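Here is the structure we will look at.
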Amino acid sequence: MPISLPLRRLWTLDKFAYSLRVFIAFSGALLFSGLAGDIALVIPLFLGIIASALSETDDSWQGRLQALVVTLACFASASFVVQWLFPWPWLFAVGLAVSTFTLIMLGAIGQRYATIASGTLILSIYSMINIEQHGGVDEDVASRQLLLLAGAAWYGVISILWCALFSRQPVKQSMARVYKALGEFLILKSALFEPVRGVDLEARRVALARQNGKVVDALNQAKEMIFRRLEGQRGSRKLNRYLQIYFIAQDIHERASSTHYPYSALTEAFFHHDVLFRCQRLLDQQGRACRQLAKSLLLNRPFGHEQSEQALADLRASIDNLSERGKPEWRPLMHPLNALADNLSILEAQIASAHNPDTDDDRRDSSLYDRSPSSVLEAWKRVQLNLTLGSPTFRHAVRLSTALLVGYGLLQWLDPEQGFWILLTTLFVCRPNFATTRRFLSQRILGTVLGLIAGWASISLFPQASIQSMIAVAAGVCFFANRERHYVIATASITLLVLCSFNQVGDGFNLILPRLLDTLVGSLIAGLAVFFILPDWQGRRLYREAAKVLNNHRRYLDEIVHQYEEGKQDDLAYRLARRNAHNADAAFSTLLTNMLHEPGHYRKQDADSGLRFLVLSNTLLSHLSALGAHRHQLAEDEDDAALVPLAKRISELLEQLAEQLNKRQPVTPLADQVDDLLAQLEQNASDSLEKKGSDEDEKAITLYRPIQSQLRLIATQLGPLGEAANRLTDVPVESHQEESTTA
């Protein structure tokens with residue numbers, strides 16, 4: 001095997017470039033300390049590099065330069081405020097609480113600001129550690145603080161240069177993640193076609209909904225990456241290519257999400273035939289093709305998908321065979337099967353075109369929605385909207401401020417060695433919700449224990465300072481490579497880095513027990529804080545998130561209806577409504593997952609009710625996607641034009657359902673209104689039959705009209721959704737009383 005291939009594969013890993021930048025930064029800091037003849041300089045430099053790397057935002061090199069300036073300004077302010085207030089504990093405590101609350105609230109402006117704010121908090125505590133290391137009275141403290149900033153600036157410069165040299169690599173990796181997630185989604189979707197009785201279809205639906213959340217997250221990340229790099233570079237052909245690949249991924253997602261007919265009915269009708277196995281095989285092959293496409297994008301290799309093309313031909317042959325048999329009971333189902341095959345055929349064409357899209361296609365609206373604030377006033381309004389007890393950001397800001405204040409008071413009282421690690425542990429462990437905090441708490445403790453063991457072994461077996469320094473660099477790189485997916489390994493690595501680095505200027509063995517104690521105390525504070533201080537139990541706002549889901553589904557339906565009236569356009573308004581519907585569905589799935597990890601006593605909703613609503617809302621979204629996949633302008637004399645008022649009536653019912661759910665009111669039973677809708681849909685079908693005459697084939701064609709069929713399927717979801725919504729709002733009286741004390 002040529003050596004270039006493993007290197008190219010290594011280059012495609014999303015964490016490789018990040019880790020390599022960190023390695024260069026750490027190695028440069030170590031080299032500078034060695035040339036300066038003072039190995040102790042490596043500690044503030046390392047801490048500055050870590051804070052800067054944790055604050056790194058995804059931008060073009062111009063955007064990253066602007067972000068670096070803001071980051072360094074925040075770092076400098078935090079560093080010197082800490083140095084100024086350090087001798088006065090009471091004043092320092094007030095400053096710590098106020099600055100923590102302010103920085104967390106600034107995160108409400110957007111993810112970029114949240115990242116910089118988090119990095120500033122981390123550097124503030126690093127500044128405390130830097131001062132504490134020298135007793136707070138060393139005349140050289142100011143220069144040590146400058147070294148913190150120098151380390152941050154050093155990594156920032158490397159990041160900017162890297163981004164200027166390899167600007168499109170992150171975009172390529174993000175698009176590969178999108179198609180890999182789409183591939184997994186299609187493979188999971190194919191399991192719904194398996195004609196086997198007795199399987200747990202609801203569990204498969206839940207798994208599909210959760211994978212849909214991963215697809216949505218990957219699409220959102222890719223969109224932000226492309227948008228930030230397109231600013232001022234609209235003429236870039238390569239960037240426009242990735243933009244078109246992104247749009248094709250959105251179209252694939254809509255097609256893949258769509259459901260054209262209840263799969264259970266098809267299973268019963270064709271249980272003894274191979275047509276559903278053909279559908280399953282084709283979707284599975286298309287999922288694998290998407291995963292192969294992800295690899296092709298990364299490695300710049302040709303993309304071929306002949307297997308799925310053959311599977312499509314086999315499906316068509318199977319449907320033709322069923323048609324030739326001419327069984328009367330199959331006749332109404334043949335057109336849904338053909339519509340399904342048509343959808344899969346278009347999906348196949350979209351996958352085939354994704355690798356080399358037409359970048360000169362001016363028919364598509366290529367604008368992207370900018371979610372960042374356009375002015376200082378808009379940024380302030382975002383913060384102002386979150387200055388309420390109902391805001392998770394506000395609750396987290398109060399909780400973390402209090403937790404750090406308690407930690408600071410405790411370390412002042414106990415005066416342990418290296419006590420500021422308590423604050424650092426609390427900062428890393430205390431998360432916006434209980435489920436995430438519990439996960440990080442256990443992983444932080446386990447990782448610290450493993451890191452202390454590895455650190456003890458390292459400084460025992462390798463007493464040479466040079467070897468320990470190299471171990472510290474390797475551990476730092478390992479931390480950044482694993483901090484998002486393998487937090488135990490990341491925590492063990494950063495603990496190893498701390499022991500090996502601090503052993504250069506003191507006795508690392510004396511740091512082992514204090515470090516363990518600090519981790520336990522900091523984790524305990526974080527755990528108690530998230531449990532007792534304005535706890536954000538997910539079950540308490542499950543009904544509000546459910547209302548958001550229905551509202552976004554309604555807006556998606558409104559845009560679909562608008563396009564049936566005005567003509568098909570993949571414009572920004574339609575794509576935004578579609579993306580918001582999927583975002584809301586993914587957010588509800590995430591909220592439900594977090595709720596399932598909370599203590600049973602605090603689950604204000606039955607988990608089964610939440611899962612039932614998730615399955616129903618995801619099914620509704622799949623029918624909306626199918627309706628959107630068939631959109632075209634309806635002529636005034638077309639039979640389907642009479643269905644537009646019925647679609648608008650469904651939208652009104654969804655709005656009514658969402659409003660009652662959001663106000664936590666009993667949901668009005670929708671059975672009568674749904675029956676009326678279904679009767680009107682059937683009447684429309686009967687009227688169409690009369691126009692077509694009595695020919696059986698013509699009747700079968702008329703019986704299946706995609707718009708009429710999808711509206712009927714959507715209408716049948718309204719009743720079960722109303723029942724599920726009622727269960728979400730069915731909370732005992734004492735729960736209302738308890739919530740009123742915290743809201």
Side-chain angles (χ1 to χ4, degrees), residues 2-28 49 52-68 111-112 115 154-183 217-249 290-303 354-357 359 368 477-485:
I3 193 171
S4 61
L5 183 58
L7 290 176
R8 286 173 64 187
R9 288 178 175 171
L10 187 64
W11 179 248
T12 63
L13 298 177
D14 56 350
K15 290 299 177 186
F16 175 75
Y18 190 30
S19 302
L20 186 56
R21 291 197 299 272
V22 171
F23 174 76
I24 294 171
F26 278 147
S27 300
I49 290 169
S52 183
L54 292 175
S55 306
E56 187 177 42
T57 60
D58 180 75
D59 283 293
S60 61
W61 72 266
Q62 298 96 327
R64 197 164 290 188
L65 177 60
Q66 295 173 1
L68 177 63
Q111 184 57 46
R112 181 183 302 181
T115 301
W154 165 232
Y155 179 82
V157 170
I158 294 173
S159 176
I160 292 169
L161 292 175
W162 191 280
C163 191
L165 292 172
F166 310 106
S167 61
R168 286 184 291 275
Q169 183 68 8
V171 179
K172 185 188 297 185
Q173 291 170 335
S174 70
M175 290 312 308
R177 283 194 294 272
V178 167
Y179 280 93
K180 183 179 179 182
L182 277 172
D217 185 57
L219 281 167
N220 289 338
Q221 290 182 14
K223 176 257 177 183
E224 292 299 322
M225 281 193 178
I226 296 171
F227 180 80
R228 290 169 186 167
R229 285 161 178 79
L230 276 175
E231 294 174 315
Q233 299 185 54
R234 279 282 174 179
S236 173
R237 186 175 181 85
K238 290 188 177 180
L239 279 178
N240 284 336
R241 173 175 179 261
Y242 287 116
L243 181 62
Q244 296 305 317
I245 291 173
Y246 167 77
F247 286 141
I248 292 172
C290 281
R291 295 198 302 195
Q292 184 60 42
L293 175 58
K295 293 181 180 178
S296 298
L297 286 171
L298 284 174
L299 296 171
N300 292 322
R301 285 183 163 186
F303 170 63
H355 192 261
N356 292 301
T359 57
L368 297 173
V477 173
C478 186
F479 167 74
F480 284 98
N482 293 280
R483 71 184 185 89
E484 292 181 358
R485 296 183 182 177

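Note that the structure is a prediction, hence the values are computed from the model and not measured.
- In this structure, Arg168 and Arg241 have side chains that are not in contact, with every pair of non-hydrogen atoms separated by 4.5 Å or more.
- Considering every non-hydrogen atom in both Ser60 and Cys163, the closest pair reads C-SG, 3.7 Å.
- Interatomic distance, Met175 CE to Ile226 CD1, rounded to the nearest 0.5 Å: 5.5 Å.
- Enclosure of atom NZ in Lys223 by more than 12 non-hydrogen atoms of other residues, nucleotides or ligands within 6.0 angstrom is indicated.
- Judged as a side chain to side chain contact (heavy atoms under 4.5 Å, CB included), and not counting sequence neighbours, the contacts of Ala25 are Ile49, Trp154, Tyr155, Ile158.
- Summarising the geometry of Arg229 relative to Leu239, their closest heavy-atom pair is O-CD1, 3.3 Å, with the distance given to 0.1 Å.
- Annotation: side chain to side chain contact (heavy atoms under 4.5 Å, CB included) contacts of Leu68 (sequence neighbours excluded): Leu72, Ile160.
- Listed here is the closest heavy atom pair of Ile245 and Ala354: CG1-O, 3.2 Å.
- Shown here are the side chain to side chain donor-acceptor pair (under 3.5 Å) partners of Glu484, two or more places apart in sequence or in another chain: Lys15.
- In this structure, Leu20 and Trp162 approach most closely via the heavy-atom pair CD2-CH2, 3.3 Å.
- Remark: Arg291 engages Glu184, Ile187, Arg288 in a side chain to side chain contact (heavy atoms under 4.5 Å, CB included) (not counting sequence neighbours).
- The closest side-chain heavy-atom distance from Glu224 to Asp58 is not below 4.5 Å.
- For Phe23, the ring-ring contact (aromatic ring centres under 6.0 Å, His included) criterion is met by no residue, not counting sequence neighbours.
- The structure places CZ of Phe166 at 11.5 Å from NZ of Lys172, a figure rounded to the nearest 0.5 Å.
- Shown here are the side chain to side chain donor-acceptor pair (under 3.5 Å) partners of Ser19, two or more places apart in sequence or in another chain: there are none.
- Of all the heavy atoms in Ala218 and Ala181, the pair that sits closest is CB-CB, 4.5 Å.
- Scanning both residues, Ala67 and Thr57, for their nearest heavy atoms gives CB-OG1, 3.5 Å.
- Residues satisfying the side chain to side chain donor-acceptor pair (under 3.5 Å) test with Ser296, not counting sequence neighbours, are none.
- At a threshold of 4.5 Å between non-hydrogen side-chain atoms, the residues Leu161 and Arg21 do not count as touching.
- Using the six-membered ring where Trp is involved, Phe480 and Tyr18 have ring planes that are perpendicular, over 60° apart on the 30 and 60° scheme.
- Residues satisfying the side chain to side chain donor-acceptor pair (under 3.5 Å) criterion with Ser159, sequence neighbours excluded, are Glu56, Arg64.
- Taking Tyr246 as the reference, nothing meets the ring-ring contact (aromatic ring centres under 6.0 Å, His included) condition, with sequence neighbours excluded.
- Put simply, CD on Gln111 and CG on Asn220 are 11.5 Å apart, with the number rounded to the nearest 0.5 Å.
- With sequence neighbours left out, the side chain to side chain contact (heavy atoms under 4.5 Å, CB included) criterion links Asp217 to Gln221.
- When the salt bridge (Lys or Arg N to Asp or Glu O under 4.0 Å) test is applied to Lys295, no partner is found at least two apart in sequence or on another chain.
- Residues passing the salt bridge (Lys or Arg N to Asp or Glu O under 4.0 Å) test with Arg177, sequence neighbours excluded: Asp14.
- Considering only heavy atoms from C-beta on, Tyr179 comes within 4.5 Å of Ile248 through its side chain.
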